[in-house]
Amino acid sequence: DVKVTQSSRYLVKRTGEKVFLECVQDMDHENMFWYRQDPGLGLRLIYFSYDVKMKEKGDIPEGYSVSREKKERFSLILESASTNQTSMYLCASSGILAKNIQYFGAGTRLSVL
Amino acid sequence: GNSVTQMEGPVTLSEEAFLTINCTYTATGYPSLFWYVQYPGEGLQLLLKATKADDKGSNKGFEATYRKETTSFHLEKGSVQVSDSAVYFCALSSGGYQKVTFGTGTKLQVIP
């Protein structure tokens, strides 16, 4: 089974802090994604990556950056956390053969105070 | 651009009731359609999919038929169980691209 692991289930940070959310997948998938999930808004794509060191903006990239130095790891960075970034963050991956089937981690619930 | 519209929840049903969750879409080309499910405290997982018109996806007693003429992909189950309580997301992918567009999710609560 594909396993997508997010490093933290819950995080509490202060406004202005730099925050790193880590995601690791074990299926050698080429594509990785970061979403945020908010009530009534569903999943919104922040960034995605289709190869090492490659990244593409999603629908809501403002205030976020990403890093993909190794194929299995995709990091989401909040350069200066703000209260409106309090949310559930979901990481996903997909492979070349079935690239539109995504496998998700359990999520990181981030609270910015 | 692509978009997915699904019925707002929450939907509350008694055990063994019939379930329908409506989903309609707007897309360029010929999209693949999906239903994902998110159980409490977990990430999303693929429930079923259909890749062309008139295809029926099915899994765990759930079914959905790709209707191109009505641009719909409604999720159905004949007899729900308490364990089906979850949030259900309709989604699409088109153009062979790796991006997937998700609906806003419908929360289902099944009571004994």
Side-chain angles (χ1 to χ4, degrees), chain A residues 1-10 21 23-25 27 29-51 54-61 68 74 88-109, chain B residues 1-10 21-25 27-52 55 57 59 66 73 86-109:
Chain A
D1 279 353
V2 175
K3 194 169 179 66
V4 179
T5 304
Q6 295 183 230
S7 54
S8 305
R9 292 300 302 270
Y10 301 94
L21 303 183
C23 175
V24 176
Q25 50 93 3
M27 280 301 291
H29 280 171
E30 287 72 18
N31 308 308
M32 296 188 75
F33 307 81
W34 275 106
Y35 296 90
R36 62 177 284 175
Q37 181 180 11
D38 299 289
L41 297 177
L43 272 69
R44 293 181 290 168
L45 182 64
I46 304 171
Y47 269 96
F48 69 101
S49 168
Y50 52 88
D51 201 352
M54 305 302 289
K55 60 185 179 184
E56 293 270 350
K57 292 181 179 179
D59 302 317
I60 52 163
R68 193 160 180 209
F74 192 36
M88 171 69 85
Y89 290 87
L90 293 171
C91 176
S93 70
S94 68
I96 284 279
L97 293 180
K99 55 183 174 290
N100 53 17
I101 296 176
Q102 297 190 359
Y103 297 85
F104 284 81
T108 296
R109 185 166 294 282
Chain B
N2 296 340
S3 67
V4 175
T5 302
Q6 57 183 109
M7 60 189 289
E8 287 193 28
I21 300 178
N22 291 335
C23 171
T24 57
Y25 66 88
T28 54
Y30 302 94
S32 295
L33 303 176
F34 309 87
W35 278 100
Y36 282 79
V37 59
Q38 183 180 32
Y39 297 104
E42 298 182 14
L44 281 71
Q45 56 185 273
L46 181 68
L47 179 60
L48 53 84
K49 68 181 177 81
T51 57
K52 62 183 188 297
D55 266 2
N59 187 24
Y66 189 143
F73 192 55
V87 181
Y88 292 82
F89 292 88
C90 186
L92 70 83
S93 175
S94 69
Y97 199 38
Q98 48 278 68
K99 283 176 68 176
V100 175
T101 300
F102 289 88
T104 53
T106 301
K107 184 174 182 178
L108 170 66
Q109 183 177 13

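Residue numbering restarts at 1 for every chain, and letters A, B, ... go by the order of the sequence lines.
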### Message
Is A/Asp38 in contact with chain B via its backbone, its side chain, both, or neither, using a 4.5 Å heavy-atom distance?
### Response
neither
### Query
Looking at CD of A/Glu56 and CG of A/Asn31, how far apart are the two atoms once the value is rounded to the nearest 0.5 Å?
11.0 Å
### Query
Which bit of A/Glu30 comes within less than 4.5 Å of chain B, counting heavy atoms only: side chain, backbone, both or neither?
neither
### Message
For a quick test of reading the model, state the closest non-hydrogen atom pair linking B/Cys23 to B/Trp35 and the distance between them.
### Response
CB-CZ2, 3.5 Å
### Query
Relative to chain B, which segment of A/Arg44 carries a heavy atom at a distance below 4.5 Å: side chain, backbone, both, or neither?
neither
#### Entry: Nearest atoms (heavy-atom pairs only) where B/Thr101 meets B/Val4
O-CG2, 3.7 Å
#### Entry: Which atoms of A/Leu41 approach chain B - backbone, side chain, both or neither, heavy atom under 4.5 Å
backbone
### Query
So A/Tyr35 and A/Phe33, would you call those rings parallel, tilted or perpendicular, with 30° and 60° as cut-offs?
parallel
## Note on the structure
Quick note, salt bridge (Lys or Arg N to Asp or Glu O under 4.0 Å) partners involving residues 28-52 of chain B, not counting sequence neighbours, are B/Lys52-B/Asp55
### Task
Would you mind checking which part of B/Glu8 comes under 4.5 Å of any heavy atom in chain A, side chain (CB onward), backbone (N, CA, C, O), both or neither?
neither
### Query
Pick from B/Gly103, B/Gly105, B/Gly41: which one has the most heavy-atom pairs with chain A under 4.5 Å?
B/Gly41
